[in-house]
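Residue numbers begin at 1 in each chain, while the letters A, B, ... track the order of the sequences. Basis for what follows: all heavy atoms, side chains included, without hydrogens, waters or symmetry-related copies.
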Number of protein chains: 2
Amino acid sequence: MQRGTFQLMKSVNKSIVLNKIRTSEPISRAQIAKETSLTPPTVGSIVKELIEQGLVRESELGHSSGGRKPTLLHINTNSLYVIGVDVGPEKVDCILTDLTGEVFERTSYLLTRPLTNEQFLAILKDNIYNLIKESQLDEEQMIGIGVAMHGVVDVESGTSLVAPILNLRNVPIREQLEKEFNLMVKVENDARAMALGESWFGGLGDFESTVAVNIGRGVGAGIVLNGKLYHGAQGMAGEFGHMTIDINGKTCECGNRGCLQTLVSGEAIAERGREQLKDHVGKLTGKDIFELAENGNPFCIDLLRDTGRIIGIGLTNLIHLVNPSIIVLGGGVMLSEKFIMPALLEAIDERVLTNEAQHTNVIVTKLGNDATILGAVSLILIELFEPILIG
Amino acid sequence: MQRGTFQLMKSVNKSIVLNKIRTSEPISRAQIAKETSLTPPTVGSIVKELIEQGLVRESELGHSSGGRKPTLLHINTNSLYVIGVDVGPEKVDCILTDLTGEVFERTSYLLTRPLTNEQFLAILKDNIYNLIKESQLDEEQMIGIGVAMHGVVDVESGTSLVAPILNLRNVPIREQLEKEFNLMVKVENDARAMALGESWFGGLGDFESTVAVNIGRGVGAGIVLNGKLYHGAQGMAGEFGHMTIDINGKTCECGNRGCLQTLVSGEAIAERGREQLKDHVGKLTGKDIFELAENGNPFCIDLLRDTGRIIGIGLTNLIHLVNPSIIVLGGGVMLSEKFIMPALLEAIDERVLTNEAQHTNVIVTKLGNDATILGAVSLILIELFEPILIG
DNA sequence: GAGTTTAATATATTAATTAAATTAATTTAT
DNA sequence: ATAAATTAATTTAATTAATATATTAAACTC
């Protein structure tokens, strides 16, 4: 049980100050005091500690309107670094960023199958070693490794329980990486990491709740409430792809009928296309549909519009149940944004019950593929910056 | 912004102690210290304050196993009282309870329509005055009035925005009752109040998240996370009834097609019955279907089973998205529990993706109709007892 | 260059915790 | 029956980290 202690009092204030600097840099001590209604001495002593920890730095003096010039404070971008890893079905991407999420180094490695747990872990380690080496930075300056992994992840232990496409089971990622690099390691499911990445780096502003939906090979969502990932009781909150929306519909790979995924995943779109475009050369993919639509193929345009409509129906269910402040859409299917979004927004507008909820922000990610790997980085950053919320 | 202050530290600990007493009474100071890992002096001084405030009382000495006998502490049940009001489509119920939710007085008033805002408010006031008078208690001993109101409620201002069946709009319930009784007043939507009531008084144990679903005239849900109601960005979280599960289904009163409500509400069941049982005398209601099923009518038994299956499909969507620790079902339709539950549980078991989530607790309310009005009471109790959570 | 303004720090006070000691009340052992 | 041990609750002192107030530092204004 989290008691009311002096450490609590302090860490609450420290978190308030650090987050104020993060979201409003450059900012002076005096300004922080004003905006947080903490007293100047409190802000001063906290800032002193943050500078000692290397999280914050001072810069030049700011402008004064009559009086001593304020010393401006910044998040320190050249002393501490974070490593983010994105394990997708086909490749392992690694990035090295500073505390603001700016990327300094990148590696990418194509996975070949089959793959044993040991081989997979060796690849992870190699790539991270390479990344650090390339960056020419000291290992001392790293604070942690965040891993976004497709499939089912046990967050507590940092284990990949099932990664269906890579055919891996029970990989103790955290244990192994912690031992190897002696750094904090966090592991999270990729859709959820994406949601966190959007919420931290998506430039969305200060929303109470964010849902990020990935529509690609599969359909998944992550829910961020008050800046933190919401996992649910058994860690399966956000399983958006297997929401039944057509009780008599097609059978899904999960065994149920009418899952959203059977209607709007990349493969589902391609399949719907194949039924109609039988004269198309080669195996038709989702990407082909998009290109055909771009070239004015009316059937493909309609197909993508209808996909947008169905996604909109699914999102309406999401709005009615979870009612997030903002929904961010990403994934391969959303590359067809141009055809999908108008129909999608129209469907939501038409279906949502109340006027206020009609104004739920629904946008396409501005981070592209990087949302997930930046989310992996956020898993570590959140340990430093996470607002400690009271309520 | 909630800063880290001495008051915060104190209120956190006070809340921990009070809730420990509430959930584990009778309990001694020493035991509280052990279980909360607060120090004995801290517990002692907080208990002293709680006793002064009239929230806690001491009782006889407990058993000792060698040493001074412990003084046992209880929630004080005979000094402070709460009023709960449930405004349904047909009647206004009021109860007066002590701090443990035990009911001391009850009134019920049948509403007649049409009804103006003024008439409605007058009825509310009259009933509350009556309740207090009957109880022969002092108005000083009341701490607040909680109101559960059907329809759309603005929780901030305590206003009933739309109450469709009573045909009321913009009734400033909180403002009016606060002025009249000079007590704290909280107003909440009835499905959400029900969820809070279940979570507080349902004897469910200590769950992280509870969803209560009311299936009756309409279908609605309330979500309780960490003991507190989750409203969502525009206060519409839990609009479970208008979840699309049959994209090509019947048109709902909301204008959309295939809402869960069009398949499983009391009226929906009755309608499905009518199509088949044309020789039935009089207008067939949901209740009739239940009675016919009880008497062995195979069509009605199947109809209720199928209803259970469809509710199960809806709940599976809920589990996949929100993944609550426990789901509590109530409302008129659940009176047919006997026929509905087996099919419902089977559908969930069949459809939920992971083994762990298959074990989501799904139960029928033990509070019956009182869940909602006890939820109204909880709206006030939560102000006294609510755990202040850090994280 | 004196006076005013603003920023940052130093000092004193205060709230509420923890640790250690004390007092209180029983049970158990001899 | 009395002493020793055990447990409960309270008191006292020390500690932490806040706030309030005063002071120092560094501008700008005229």
Contacts under 3.5 Å, N or O only, protein and nucleotides 26-28 of chain D:
from   : atom 1 : to    : atom 2 : distance (Å)
D/dA26 : N3     : A/R68 : N      : 3.2

What are the atom names and distances for every N/O pair under 3.5 Å that joins the protein to nucleotides 13-20 of chain C?
from   : atom 1 : to    : atom 2 : distance (Å)
C/dT17 : OP1    : B/N13 : ND2    : 3.2
C/dT18 : OP1    : A/R3  : NH1    : 3.2
C/dT18 : OP2    : B/T39 : OG1    : 2.9
C/dT18 : OP2    : B/T42 : OG1    : 2.8

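A/E25 pairs by the salt bridge (charged side-chain N to carboxylate O under 4.0 Å, His left out) definition with nothing, not counting sequence neighbours. Shown here are the salt bridge (charged side-chain N to carboxylate O under 4.0 Å, His left out) partners of B/R22, two or more places apart in sequence or in another chain: there are none. Considering only residues two or more places apart in sequence or on other chains, B/I132 meets the side-chain contact (heavy atoms from CB on, under 4.5 Å) condition with B/I83, B/I128, B/E139, B/M142, B/F181.
Taking atom CD of residue B/Q2 and atom P of nucleotide D/dA18, one finds them 14 Å apart after rounding to whole Å. For the pair A/I16 CD1 and D/dA17 P, the interatomic distance rounds to 15 Å; values are reported in whole Å. Across the protein-nucleic acid pair, B/I27 atom CD1 and D/dT7 atom P stand 17 Å apart, rounded to whole Å. Atom P of nucleotide C/dA7 and atom CD of A/E58 are separated by 15 Å, given to the nearest angstrom. Atom CD1 of A/I51 is separated from atom P of C/dA8 by 10 Å (rounded to the nearest Å).
Classification of the B/F385-B/W200 ring pair by plane angle, with boundaries at 30° and 60°, yields tilted.
For the side chain to side chain contact (heavy atoms under 4.5 Å, CB included) criterion with A/V17, the lone passing option out of A/T36, A/V56, A/L38, A/L73 is A/L38.
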Between A/K10 and A/E49, is a salt bridge (charged side-chain N to carboxylate O under 4.0 Å, His left out) present by the stated rule, with each step listed? CA-CA 11 Å; A/K10 178 132 200 198; A/E49 280 183 37; 2.3 Å; yes

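Distance alone, capped at 3.5 Å, is enough to place a donor-acceptor pair between the A/S325 side chain and the A/S209 backbone. At distances below 3.5 Å, not a single donor-acceptor pair connects side-chain atoms of B/R174 with backbone N or O atoms of B/V147. Between the side chain of A/R3 and the backbone N or O of B/S37 there is at least one donor-acceptor pair closer than 3.5 Å.
Here the straight-line distance linking atom NZ of A/K34 with atom CZ of A/R29 works out to 14.5 Å at 0.5 Å rounding.
Not one side-chain nitrogen or oxygen of A/T71 sits closer than 4.0 Å to the OP1 or OP2 atom of C/dA7. A/R29 has no side-chain polar atom (N or O) that falls below the 4.0 Å cut-off from OP1 or OP2 of C/dT6.
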Dot-bracket for DNA chain C, please, read 5' to 3', with Watson-Crick or G-U wobble pairs under 3.5 Å on both distances, ( ) within the strand, [ ] crossing, | other strand, . unpaired. ||||||||||||||||||||||||||||||

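By the 4.0 Å N-to-carboxylate-O rule, A/E178 lies too far from A/K186 to be salt-bridged with it.
Residue B/P70 is classed as a sugar-phosphate contact, given heavy-atom separations below 4.0 Å to backbone atoms only.
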